[in-house]
Amino acid sequence: MKIATWNVNSIRARLDRVLAWLRDHEPDIVCLQEIKTPTDAFPYEAVEAAGYAAAVRGQKTYNGVAILSRTPADAVIDHLDDEDDASARTHREARFLAARFGDLHVLNVYVPNGAVVGSDQWAHKLAWLRRLRTFLERHATPRRPLLLAGDFNVAPEERDVARPDRWRDSVLFHPEARAALADLTAWGLVDLVRLHHDGPGPFSWWDYRNLAFPKNDGLRIDHLFATDPLAARCTGASIDRDARKGPKPSDHAPVVAVFA
DNA sequence: ATGGTTGCTTAGCAA
């Protein structure tokens, strides 16, 4: 069983690359973020022709998440249910999609970037991570197989950043963002890439600017987190840096885990 | 020291 997460930065701009990647890697489940497409404009036919069912929570222009799978999900939830703090923005934004496949729960998230530390978007990011933790507390248990996948827009540790001092004050590596992510995973989640790689690196995102990729000036902000019973079956995890190469790549690379 | 990129939508925002 192979499961991946990939921020594709527009499914329409990236469709050929995504289809080629599905052919080459034959994953069973893929969580996509930033599809930047309304739900009804998702390329369902091309994805189905490639052998995948698609659960989609789309949005025009921004955000958007989808879960592709060899077999259709048994059930899907497309929003966080904690809307009682008057955050209309959370309800409007397409950042959350959960699917159940038998006993396996897969949660796909696109955590807000946060723009600049101290901004309204920054507060929104921190609040969103807290809401996600509340969702887990209400609807899941660390004692059953669950995968929390996505673009978290947070690098957890020093070894997840090529140049930590340069990024320390940014929304991707600020101590408050790292603490919010640590609080989330303390619910009962294991970082699958860190089961198999001590680092420094691997990285999952490189800015389009400043020749960041050829210089490998990257961060690991895309993650696969699993509860213990699922992590115990994880035989490998890696980041497909090759998918960042060549013409018209996403700025993110896929993160992949294999389970016995 | 500065500026550099991409996608969506069409001048400016988000990342």
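- Residue contacts shown for Y110(A) are limited to sugar-phosphate atoms, with no base heavy atom under 4.0 Å away.
- The side chain of Y62(A) lies closest to dA14(B), out of dT5(B), dA15(B), dA14(B).
- Taking the P atom of each, dG3(B) and dG7(B) are spaced 23 Å apart, rounded to whole Å.
- Shown here is E137(A), whose CD atom has more than 12 heavy atoms of other residues, nucleotides or ligands within 6.0 Å.
- Taking atom CZ on R244(A) and atom P on dT5(B), their separation rounds to 13 Å, with Å as the unit.
- Nearest heavy-atom pair, K36(A) versus T61(A), reported as atom, atom and distance to 0.1 Å: CG-O, 3.3 Å.
- To the nearest whole angstrom, the two P atoms, one in dT6(B) and one in dT2(B), are 23 Å apart.
- The environment of CZ in R144(A) is sparse: at most 12 heavy-atom neighbours from other residues, nucleotides or ligands sit within 6.0 Å.
- One atom, CG of L211(A), and another, P of dT5(B), lie 9 Å apart when rounded to the nearest Å.
- Taking every side-chain heavy atom of R12(A) into account, dT9(B) is the closest of dT9(B), dG7(B), dA14(B).
- Among the nucleotides dT9(B), dC8(B), dT5(B), the one closest to any side-chain atom of K36(A) is dC8(B).
- Taking the nucleotide of DNA chain B with the nearest heavy atom to each of W205(A) and T37(A), the more 5' of the two is matched to T37(A).
- Nearest to the side-chain atoms of T61(A) among the listed nucleotides dT6(B), dC8(B), dA15(B) stands dC8(B).
- Atom CG of D207(A) and atom P of dG3(B) are 16 Å apart (whole Å).
- DNA chain B is contacted by both H252(A) and N9(A); N9(A) maps to the nucleotide lying nearer its 5′ end (nearest heavy atom per residue).
- The separation between N63(A) atom CG and dT9(B) atom P is 12 Å, rounded to whole Å.
- Note on R14(A): a side-chain N or O is less than 4.0 Å away from OP1 or OP2 of dG7(B).
- Nucleotides dT9(B) and dA14(B), compared at atom C1', are 12 Å apart to the nearest Å.
- Going from atom NE2 of H124(A) over to atom P of dA14(B) covers 12 Å, rounded to whole Å.
- For the pair Q59(A) CD and dG7(B) P, the interatomic distance rounds to 19 Å; values are reported in whole Å.
- One can place CG of D151(A) at 17 Å from P of dA14(B), the figure rounded to the nearest angstrom.
- Counting heavy-atom neighbours within 6.0 Å of D74(A) CG, excluding the residue itself, gives a total above 12.
- Cluster membership check: F96(A) shares its hydrophobic cluster with L189(A), using side-chain heavy-atom separations under 4.5 Å among Ile, Leu, Val, Met, Phe, Trp and Tyr.
- Residue K248(A) places at least one side-chain N or O under 4.0 Å from the OP1 or OP2 atom of dG7(B).
- Atom CD of Q121(A) and atom C1' of dC13(B) are 11 Å apart (whole Å).
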